[in-house]
Amino acid sequence: MVSIVKASQKYAESFARAVDIVARERKYLASVTGFSLESTKDFIQMGEANDFAQYFALDGEKVIGWCDLIPKDIEGFTHVGKLGIGLLSEYRHQGIGSMLLQKTIEHAREKNKIEKIELEVFGSNVQAIKFYEKFGFQHEGRRINSRKLDGKYDHVVLMGKWLLGGNNS
Ligand SMILES: CC(C)(COP(=O)(O)OP(=O)(O)OC[C@H]1O[C@@H](n2cnc3c(N)ncnc32)[C@H](O)[C@@H]1OP(=O)(O)O)[C@@H](O)C(=O)NCCC(=O)NCCS
């Protein structure tokens, strides 16, 4: 039975482990290893202190997925939130990513002043692109062969979604 909860330090270790596992798949995340426990704790602390949209999917007490939408911190860009999401492989394609994303967007819309969501996804990650399109994300551009990993090139696709009216043109 999977539940969606607000991120908290209680799950820092389990969260760090989940990110590391997905990163080591070398397909979906920009990084090919996870982050240290210390920087993971700092990340959660930053989210908690600002009430940013940061959620975990739990199976019991184990973090099996995460989703965060963190506003950019440079003046002139703070209306934009950057999205990160991932699930352990055995929990994909069961609607859990949709639940996580819905909850995170709701929070960002209601509690933070995020007007627009932006993300980057590898061109080869067709299922994630379909997932984002289903949620109304639009294609905004593409960096050609931006990644070269294990001898293979991959495009970086830029996608965006306006939450507060905004401008989709
Ligand atoms: C991308 C991800 C978060 C989506 O979460 P999910 O729980 O697998 O997705 P859901 O089950 O909620 O599916 C929602 C929609 O996504 C799309 N989708 C999901 N799995 C798919 C697949 N295997 N093939 C094609 N489309 C797929 C479909 O449009 C689906 O809608 P439908 O069920 O009505 O067909 C998840 O697959 C994941 O963690 N992938 C690896 C990490 C990753 O890519 N992170 C994003 C990096 S930018």
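Just so we're clear, the structure is a prediction, and the values are computed from it rather than from any experiment. Counting starts at 1 for both ligands and their atoms, in listed order.
Nearest heavy-atom pair, V32 versus R26, reported as atom, atom and distance to 0.1 Å: CB-NH1, 3.9 Å.
The nearest heavy-atom contact from the protein to atom 42 (C) of ligand 1 is Y28 CB, 3.6 Å. Ranking protein heavy atoms by distance to atom 6 (P) of ligand 1, first place goes to H93 N, 3.7 Å. Closest to atom 39 (O) of ligand 1, if we only count protein heavy atoms, is L87 N, 2.8 Å. Looking only at protein heavy atoms, the nearest one to atom 12 (O) of ligand 1 is S98 OG, 2.6 Å. Atom 22 (C) of ligand 1 has its closest protein heavy atom at Q127 CB, 3.5 Å. In this structure, the protein non-hydrogen atom closest to atom 45 (N) of ligand 1 is I85 O, 2.9 Å. With hydrogens left out, the protein atom closest to atom 11 (O) of ligand 1 is G95 N, 2.7 Å, a heavy atom.
Under 4.0 Å from ligand 1, the heavy atoms of Q94 that appear belong solely to its backbone. Heavy atoms of K134 found under 4.0 angstrom from ligand 1 belong exclusively to the side chain. Contact annotation for M99 and ligand 1: no heavy atom of the residue comes within less than 4.0 Å of the ligand. The part of Y132 lying near ligand 1 is the side chain, judged by heavy-atom distances below 4.0 Å.
Every N/O-N/O distance between L29 and ligand 1 stays at or above 3.5 Å. Close N/O approach between G97 and ligand 1 is found [any backbone or side-chain N/O within under 3.5 Å]. An N or O contact shorter than 3.5 Å links N125 to ligand 1 by distance. For ligand 1, the polar-atom distance check against A128 finds no nitrogen or oxygen pair separated by under 3.5 Å.
Between the side chain of S31 and the backbone N or O of G34 there is no donor-acceptor pair closer than 3.5 Å. Of the possible polar contacts, one joining the Q9 side chain to the K41 backbone as a donor-acceptor pair under 3.5 Å is found. Between the H155 side chain and the G123 main chain, no donor and acceptor come within less than 3.5 Å of each other.
Distances from ligand 1 to the non-hydrogen atoms of L119 include no value under 4.0 Å. Within the structure, ligand 1 has E120 among the residues with a heavy atom less than 4.0 angstrom away.
No more than 12 heavy atoms of other residues, nucleotides or ligands lie within 6.0 Å of CD in E38, so this atom counts as exposed by the packing criterion.
Atom 28 (C) of ligand 1 is never approached by the protein to below 4.0 angstrom, counting heavy atoms only. Proximity of atom 2 (C) of ligand 1 to the protein is not indicated, since no non-hydrogen protein atom lies closer than 4.0 angstrom. Counting protein heavy atoms under 4.0 angstrom from atom 35 (O) of ligand 1 gives zero.
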Run the salt bridge (charged side-chain N to carboxylate O under 4.0 Å, His left out) test on K111 and E106 for me, step by step, so that the C-alpha distance in whole Å, both residues' side-chain angles and the decisive distance to 0.1 Å come before the verdict. CA-CA 8 Å; K111 303 204 172 146; E106 234 170 71; over 6 Å; no
Applying salt bridge (charged side-chain N to carboxylate O under 4.0 Å, His left out) to R142 and E120, what does each step give before you reach the verdict? CA-CA 9 Å; R142 205 163 62 131; E120 296 181 0; over 6 Å; no
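Side-chain atoms of F56 and I44, non-hydrogen and from C-beta on, do get closer than 4.5 Å to each other.
Between the side chains of D68 and Y55, not a single donor N or O lies within less than 3.5 Å of an accepting N or O. A donor and an acceptor atom, one from each side chain of H139 and E133, are located under 3.5 Å apart.
Annotation: cation-pi pair R147/F122 present, NZ/CZ under 6.0 Å from the ring centroid and within 45° of its normal.
Remark: ligand 1 atoms within the under-4.0 Å shell around heavy atoms of G86 are 39 (O). Distances below 4.0 Å separate heavy atoms of I96 from the following atoms of ligand 1: 7 (O).
You'll find the ring centres of F35 and F43 outside the 6.0 Å limit.
Salt-bridge annotation for E115 and K113: absent, with no side-chain N of the basic residue lying under 4.0 Å from a carboxylate O of the acidic one.
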